[in-house]
Amino acid sequence: MSILKVCHLGHPVLRMESRRVSPDSLARASTQKLIDDMLETMVEYYGVGLAAPQVHESLAIAVIESDGPRGTIPLTVLVNPEVTVLDDELIEDWEGCLSIPDFRGRVPRCRKLRVDALDRKGKKIKITAEGFFARVIQHEFDHLMGKVYLDRMPDLKTLTHLPEFQRYWLPPEKVNS
Ligand SMILES: [Zn+2]
């Protein structure tokens, strides 16, 4: 496996709609290696999700996994995902992106959705997700459509550099329990 170079905002591939992956193409060793490399790259950079356009491949593939404080998400590989919103109540929360390093911003996202996709073996999967999992799916699905989280911010006033995010926006650490 290899750690891939992550492209940053301004690279045209991040603004392209990615191509769907045919079952034959998904079964190819090169595509399976891409998925393995995406998983390794996501872990290397402490991401909770990574979409193929972020590693210069305009293909409809995203990987997701989290065991952080915002919630546990099992390792999920989504190929050709289609999102159906199940609850369009908008919840606002912080997001960051490996392609927009060292920034955070508050982004409204739908509370609950269903995603229909293929797994890495080409099997049809259907996942219902809410909260943080639903947020990450929407973030990655946007990448496959050529969008980034900045496009979803109704107001850029919360766009924050990471040191200022940690200084002004994170809840203060509890001392003495
Ligand atoms: Zn991103």
Side-chain angles (χ1 to χ4, degrees), residues 4-19 38-39 41-117 127-171:
L4 303 171
K5 187 176 179 205
V6 175
C7 60
H8 292 162
L9 190 66
H11 195 298
V13 72
L14 289 174
R15 292 311 195 168
M16 290 163 61
E17 194 173 323
S18 55
R19 296 191 310 278
M38 285 173 63
L39 290 166
T41 302
M42 174 176 69
V43 170
E44 173 70 15
Y45 295 112
Y46 304 104
V48 293
L50 188 71
Q54 293 182 275
V55 291
H56 308 83
E57 294 286 350
S58 191
L59 294 170
I61 301 173
V63 298
I64 297 172
E65 186 179 34
S66 169
D67 58 0
R70 297 177 78 189
T72 300
I73 302 174
L75 177 59
T76 306
V77 177
L78 299 174
V79 179
N80 303 337
E82 301 285 349
V83 168
T84 306
V85 172
L86 299 179
D87 183 344
D88 62 3
E89 181 194 349
L90 292 172
I91 311 279
E92 199 181 88
D93 206 349
W94 293 100
E95 290 188 22
C97 180
L98 295 178
S99 295
I100 310 169
D102 301 329
F103 277 97
R104 295 290 182 273
R106 289 185 72 81
V107 186
R109 298 286 190 186
C110 296
R111 196 178 71 79
K112 188 174 179 183
L113 56 77
R114 188 184 78 226
V115 60
D116 293 274
I127 297 168
T128 301
E130 56 188 307
F132 182 57
F133 192 7
R135 172 173 299 277
V136 178
I137 289 172
Q138 287 168 88
H139 181 115
E140 301 312 326
F141 183 72
D142 271 358
H143 276 304
L144 304 181
M145 296 290 118
K147 290 190 183 299
V148 297
Y149 78 84
L150 301 176
D151 305 332
R152 302 294 189 190
M153 290 176 68
D155 184 345
L156 290 174
K157 278 183 187 160
T158 64
L159 190 63
T160 305
H161 271 290
L162 197 52
E164 283 70 20
F165 173 72
Q166 285 159 345
R167 181 168 179 182
Y168 295 109
W169 296 98
L170 278 185

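Note that this is a predicted model, so its numbers are computed, not measured. Just so you know, these numbers use all the heavy atoms, side chains as well, and skip hydrogens, waters and symmetry mates.
- Between Leu86 and Thr128 there is a side-chain heavy-atom pair separated by less than 4.5 Å.
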How far apart are the C-alpha atoms of Asp116 and Val83, what are their side-chain angles, what is the distance that settles it, and do they pass the side-chain contact (heavy atoms from CB on, under 4.5 Å) test? CA-CA 7 Å; Asp116 293 274; Val83 168; over 6 Å; no
Given the rule in the side-chain contact (heavy atoms from CB on, under 4.5 Å) test, do Leu39 and Leu75 qualify, once you have shown the distances and angles that lead to the verdict? CA-CA 9 Å; Leu39 290 166; Leu75 177 59; 3.1 Å; yes
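- Taking 4.5 Å as the limit, some side-chain heavy atom of Cys97 sits within range of a side-chain heavy atom of His143.
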Please walk me through it: do Thr76 and Phe133 pass side-chain contact (heavy atoms from CB on, under 4.5 Å)? CA-CA 10 Å; Thr76 306; Phe133 192 7; 3.9 Å; yes
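- Between atom CD1 of residue Ile91 and atom CD of residue Glu89 there is a gap of 4.0 Å, rounded to the nearest 0.5 Å.
- Within the cation-pi definition used here (under 6.0 Å to the ring centroid, within 45° of the axis), Arg106 qualifies as a partner of Trp94.
- Pairing each heavy atom of Met42 with each of Val63, the nearest pair is SD-O, 3.7 Å.
- Nearest heavy-atom pair across Pro108 and Pro154 is CD-CD, 3.6 Å.
- Using a 4.5 Å cut-off on side-chain heavy atoms (C-beta onward), Thr72 and Ser66 make no contact.
- Atom CG of Asp67 has 12 or fewer heavy atoms from other residues, nucleotides or ligands within 6.0 Å.
- A heavy-atom distance below 4.5 Å is not found between the side chains of Ile64 and Val48.
- For the atom pair CH2 of Trp169 and CZ of Arg104, the computed distance is 14.5 Å after rounding to the nearest 0.5 Å.
- No salt bridge links Asp87 with Lys112; every basic N to acidic carboxylate O contact stays at or beyond 4.0 Å.
- A salt bridge is defined here as a Lys NZ or Arg NE, NH1 or NH2 lying under 4.0 Å from an Asp or Glu carboxylate O, and Arg135 with Glu95 meets this definition.
- Leu144 is not listed as a side-chain neighbour of Asn80, based on a closest heavy-atom distance of 4.5 Å or more.
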Let me see the working for Asp142 and Arg152 under side-chain contact (heavy atoms from CB on, under 4.5 Å), right down to the final yes or no. CA-CA 9 Å; Asp142 271 358; Arg152 302 294 189 190; 2.8 Å; yes
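- The residues Arg109 and Asp88 are annotated as not salt-bridged, no charged nitrogen and carboxylate oxygen being separated by less than 4.0 angstrom.
- In this structure, the separation between CG on Leu98 and CD on Glu44 is 11.0 Å, given to the nearest 0.5 Å.
- Without hydrogens or angle criteria, Asp151 side chain to Val148 main chain gives a donor-acceptor distance under 3.5 Å.
- Note that OG1 of Thr160 and CG of Asp102 are 12.5 Å apart. Values are rounded to the nearest 0.5 Å.
- Without hydrogens or angle criteria, Thr41 side chain to Leu4 main chain gives a donor-acceptor distance under 3.5 Å.
- Rounding to the nearest 0.5 Å places CD1 of Ile137 at 12.0 Å from SG of Cys110.
- Under a 3.5 Å cut-off, the side chain of Glu130 and the backbone N or O of Leu113 do not form any donor-acceptor pair.
- Residues Leu159 and Phe165 are not in side-chain contact: their nearest non-hydrogen atoms beyond the backbone lie 4.5 Å or more apart.
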Side chains of residues 50-59: which donor-acceptor partners sit under 3.5 Å, not counting sequence neighbours?
from, atom 1, to, atom 2, distance (Å)
Gln54, OE1, Ala51, N, 2.9
Gln54, NE2, Ser99, OG, 3.0
His56, ND1, Lys5, O, 3.3

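- A donor-acceptor pair under 3.5 Å is absent between the side-chain atoms of His161 and the main chain of Pro163, judged by distance alone.
- Summarising the geometry, atom CD1 belonging to Ile61 is positioned 6.0 Å from atom CE belonging to Met38; distances are rounded to the nearest 0.5 Å.
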